[in-house]
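Written below as structure tokens is the structure these notes are about.
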Amino acid sequence: HAKHAGRNRHAQFNWSMKERQNRTYELEMGLRSAMANGELLLHYQPIFDTVTGKIAICEALMRWDHPVLGRISPAEFIPVAESSSLIEPITAWALEQACRDAMRWEDNVRVAVNISPALIKSDGLPRAVIAALMGSGLKARRLELEVTESIFLEDSGRTSLILSELQRIGLRLALDDFGTGYSSLGYLRDYAFDTLKVDQSFMRGVGEKGRDRAIAQSVAYLAHSLDVETVAEGIETEEQLRYAREMGFTNVQGFVLSKPIPLDDLLAMMAQMKRDRSNVVTLMHDRR
Ligand code: C2E
Ligand code: MG
Ligand code: MG
Ligand code: MG
């Protein structure tokens, strides 16, 4: 019986692994034509200034509408793109699209694009950034690249070289998901990031847990002392929003404010906020 169960487990393992391989293969094949077929799109999640309540940044988040499999999350297809060298043309596309889209909103609002860790070491990245800026006419200061601290895992001098080359072009660098990895203060000492995005896992407990609050508050304070802007990510409740503002975060991002939305919806939201002279602060008061 034990032998039988063991064989079954083995068979099951093989099966699910084969299925996974098939899906990965299908995604990889599909990704090759996805760009050309217009199946990739960018949604934007507005990030709000905690003082003015206005939109400060819009983060571009990629979606894939697969003709057969439906909408696929970037959490699934970005790793496939990363392991198949498709990440380079896909990122170049995202940069171009995001810069062109940002030209359609007011020029005090930046656009943020996520950059895969592996790409930081390629010379293709500065070239793609320059092409996107030139092609759209967007000012470099309005473009922010989001990278995670995993770019430092195998620190070659190359990483810091490319980072400073990118900043020399004039764009801004954000350290994304701070709090999920090693969160080393060394990264904040050695690299002059413009923005620090504090991961939602830090913000989740600020209401109930004094320890979470103390850490989030210290990170916000430290970044402020270093003249680095902060974004509190994944704000899902009004209580978290209140804490983020009290703790002095520069900006807030999360579902309680807005989910990632298509460009047209974003432009409509911007127009309406302007028309009503509304901002997140007044929106919050209206809801109470
Ligand atoms: P990220 O850069 O940390 O982006 C934030 C993610 O958190 C987004 O998920 C967003 O929808 C989600 N989020 C925002 N507010 C909330 C909230 O209040 N609660 C919760 N639970 N989630 C919230 P999304 O769009 O599924 O993207 C997942 C990840 O995929 C991104 O994490 C990013 O690492 C990656 N990604 C997305 N687009 C791109 C891209 O164009 N290039 C690359 N290289 N990676 C991308
Ligand atoms: Mg991000
Ligand atoms: Mg993030
Ligand atoms: Mg995150």
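Numbering of ligands and ligand atoms starts at 1, following listing order.
Residue nearest to atom 25 (O) of ligand 1, selected from Met62, Arg63, His43: Arg63 (by heavy-atom distance). Distances from atom 2 (O) of ligand 1 to the heavy atoms of Asp199, Asn114, Val256, Leu119 show the closest one on Asn114. Of the listed options Leu257, Thr237, Leu61, Leu61 places a heavy atom closest to atom 4 (O) of ligand 1. Nearest-heavy-atom check against atom 37 (C) of ligand 1 across Ala174, Ala94, Pro74, Ala60 picks out Pro74. Proximity annotation for atom 19 (N) of ligand 1: of Lys197, Met203, Glu236, Gln45, Glu236 comes nearest, heavy atoms only.
Cluster partners of Met29 are Tyr25, counting Ile, Leu, Val, Met, Phe, Trp and Tyr whose side-chain heavy atoms approach within less than 4.5 Å, directly or via other members. Summarising the hydrophobic clusters (Ile, Leu, Val, Met, Phe, Trp, Tyr; side-chain heavy atoms under 4.5 Å, direct or chained), the residues clustered with Val68 are none.
In Gln253, neither the side chain nor the backbone holds a heavy atom less than 4.0 Å from any atom of ligand 1.
For the atom pair Phe48 CZ and Ile57 CD1, the distance stands at 11.5 Å (nearest 0.5 Å). To the nearest 0.5 Å, atoms CG (Leu133) and CG (Leu95) are separated by 8.5 Å.
In terms of the side-chain hydrogen bond (donor to acceptor under 3.5 Å, both in side chains) criterion, residue partners of Thr230 (sequence neighbours excluded) are, by chain and number, Thr250.
Near-neighbour remark for the Mg ion (ligand 2): protein N, O or S atoms under 2.8 Å are Glu59 OE2, Asn114 OD1, Glu146 OE1, Asp176 OD2; waters not counted.
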*asked:* Using side chain to side chain contact (heavy atoms under 4.5 Å, CB included), reason through Asp194 and Leu171 one step at a time and then give a plain yes or no.
replied: CA-CA 9 Å; Asp194 301 282; Leu171 44 84; over 6 Å; no
